[in-house]
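The structure under discussion appears below in the form of C-alpha cells.
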There are 2 protein chains.
Amino acid sequence: MSETATPAPTKVQLLELLAAIGTAQWREFAAAAAQHGLTPTQARVLAQLEGPVPMRGLAVLLVCDASNVTGIVDRLEARDLVRREPDPHDRRVKNVVATDAGRQVIRRVREEMQAAHGALDTLDEAESATLYALLARLRPSMEKG
Amino acid sequence: MSETATPAPTKVQLLELLAAIGTAQWREFAAAAAQHGLTPTQARVLAQLEGPVPMRGLAVLLVCDASNVTGIVDRLEARDLVRREPDPHDRRVKNVVATDAGRQVIRRVREEMQAAHGALDTLDEAESATLYALLARLRPSMEKG
DNA sequence: CCCAGATGTTTGATGTCATCAAGTAACTCG
DNA sequence: CGAGTTACTTGATGACATCAAACATCTGGG
C-alpha cells in the first residue's frame, strides 16, 4: 500500500489542512454574504430559516447567548428579511420567519457559494463518495466530549 | 462501483459536510483558547508567531485591516504574551514576537485541540493519505477567483 | 386553584473585532 | 531634495459576544 504518491500525513498536517479549507470556505461565505449587504452571522441566521424558528432555537443553532439573537434579528427585521410572529401555543415565544426577500437573498448567497467551488467538479463520483465517507467519520467526534 | 456503502454525495452535501466540520473545528479552537483566557483571534495571532512578524504581516495573515491589528496586539501585549520590537532595517515597522508565556499558552491550546480529535486516530495510514490527497485538491481552488 | 420555579425574550453594560478615514513618521526613487 | 508610497496608530462607528437583571408566561406540586 506504500506505492501511493502521497505518504501518510501526520495528524497535525491533516488538522491544518482541514483548518485551511475551513477558513477559506468561511471567507467565501462571508464574501458572498457581503455582496448582498449581509454579515456572515446574518446570512447564517437566514440559512437556518427553512420554517419558523423561535428565538431560543436560533440561539441554540448559533451556539450563542439568547440575548445576542435579539439584536441580530432586530437588524434583519429592520431590512424586511425576517419577521417575528407570535407562537400559537406559547405566548412567550416569538417565531422568526424569513420573508420572501429574505429567502431570495439567502438563495443567491448559496448559489454564489457553489459557483465558487468548481474544484469539487474535479472529483469523480468514486472520489466524492470516498471523501464524503471519510469526512463523515470525522464529523461526529467533533462534538463536545 | 455501486456496491460501496455510500452513494455519491451531491456537491451541496459535500459542501455542507465540510462546513459542519469546519465550524465544529473552529468551535473547538475557540473553546481551547477560552480556557486560557484568549479570544479566538488572539489565539490565531499567537499561532502565527513562530518568529518575528511585522504588524502589517499579521494583517495580511489575518486578512483584515492593519488598524485592527493594533488593538489585538495591544491586548496581547498588555498580558505579556507578546512584545513589539523595532525592526533593525526599517524604523517604521514593529515586529511582534511571542514571549515565553505566549509560546507556552499557544502550545497548550494546540495540545488541547489535538487531544479533542481522537477521531483522526480511527483512520489508518491509507485512509489518512487518501483523505489528505483529496482535501489537498480542494484547497487551492478555494482561493480568490 | 395557586404559588414557586423554570423558561423565553428583551434591555443595559461592557469588551472584542471589524471597517473606514485621517494623521504621523519613515522609506524610496527620480 | 521633494513627491509618493508604506507602516503604524488613532478615532468614529457598527456588529457580535458575554453577563446580569427585568419581565411575562408556562408548569407542576400542594
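These figures come from a predicted structure and were not determined experimentally.
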Inset, instruction - Using a strict 4.0 Å threshold on nitrogen-to-oxygen distance, state whether B/Asp121 and A/Lys11 make a salt bridge. - result: yes

Inset, instruction - Let me know which of A/Ile106, A/Leu81, A/Leu46, A/Val105 forms a side-chain contact (heavy atoms from CB on, under 4.5 Å) with A/His36. - result: A/Val105

Inset, instruction - Starting from C1' on C/dT19, measure out to CD1 on B/Ile72 and report it in whole angstrom. - result: 12 Å

Inset, instruction - Write down the distance between CZ (A/Arg56) and P (C/dT10), rounded to a whole number of angstrom. - result: 13 Å

Legend entry - Distance-only donor-acceptor test, B/Ser67 side-chain atoms vs C/dC20 base atoms, 3.5 Å: yes

Legend entry - Whole angstrom value for the distance that separates P of C/dT10 from CG of A/Asn68: 12 Å

Inset, instruction - Would you indicate what B/Thr41 reaches in the nucleic acid, counting non-hydrogen atoms under 4.0 angstrom: base, sugar-phosphate, or nothing? - result: sugar-phosphate

Inset, instruction - Provide, to the nearest angstrom, the distance between the CZ atom belonging to A/Arg27 and the C1' atom belonging to C/dT19. - result: 17 Å

Inset, instruction - Give the rounded distance in Å between these two atoms: CG of A/Asp65 and C1' of D/dA21. - result: 12 Å

Inset, instruction - Using the side-chain contact (heavy atoms from CB on, under 4.5 Å) rule, pick out the option among A/Leu14, A/Thr10, A/Leu134 that qualifies with B/Tyr132. - result: A/Leu14

Legend entry - DNA chain C contacts made by residues 75-92 of chain A, counting heavy atoms under 4.0 Å: A/Arg84, A/Arg92

Legend entry - Nearest-angstrom distance from the residue atom CG of A/Asp74 to C1' of C/dG12: 14 Å

Legend entry - Spacing of B/Gln42 atom CD relative to C/dT16 atom C1', expressed in whole Å: 8 Å

Inset, instruction - Could you go through the side chain to side chain contact (heavy atoms under 4.5 Å, CB included) check for A/Gln25 and A/Met113 one step at a time? - result: CA-CA 9 Å; A/Gln25 200 181 11; A/Met113 281 290 289; 4.3 Å; yes

Inset, instruction - Could you check if a side-chain atom of A/Arg83 sits within less than 4.5 angstrom of a side-chain atom of A/Val96, using non-hydrogen atoms only? - result: no

Legend entry - Between C1' of D/dT25 and CE of A/Met55, the distance in whole Å: 16 Å

Legend entry - Side chain to side chain, B/Phe29 and B/Val109, heavy atoms closer than 4.5 Å: yes

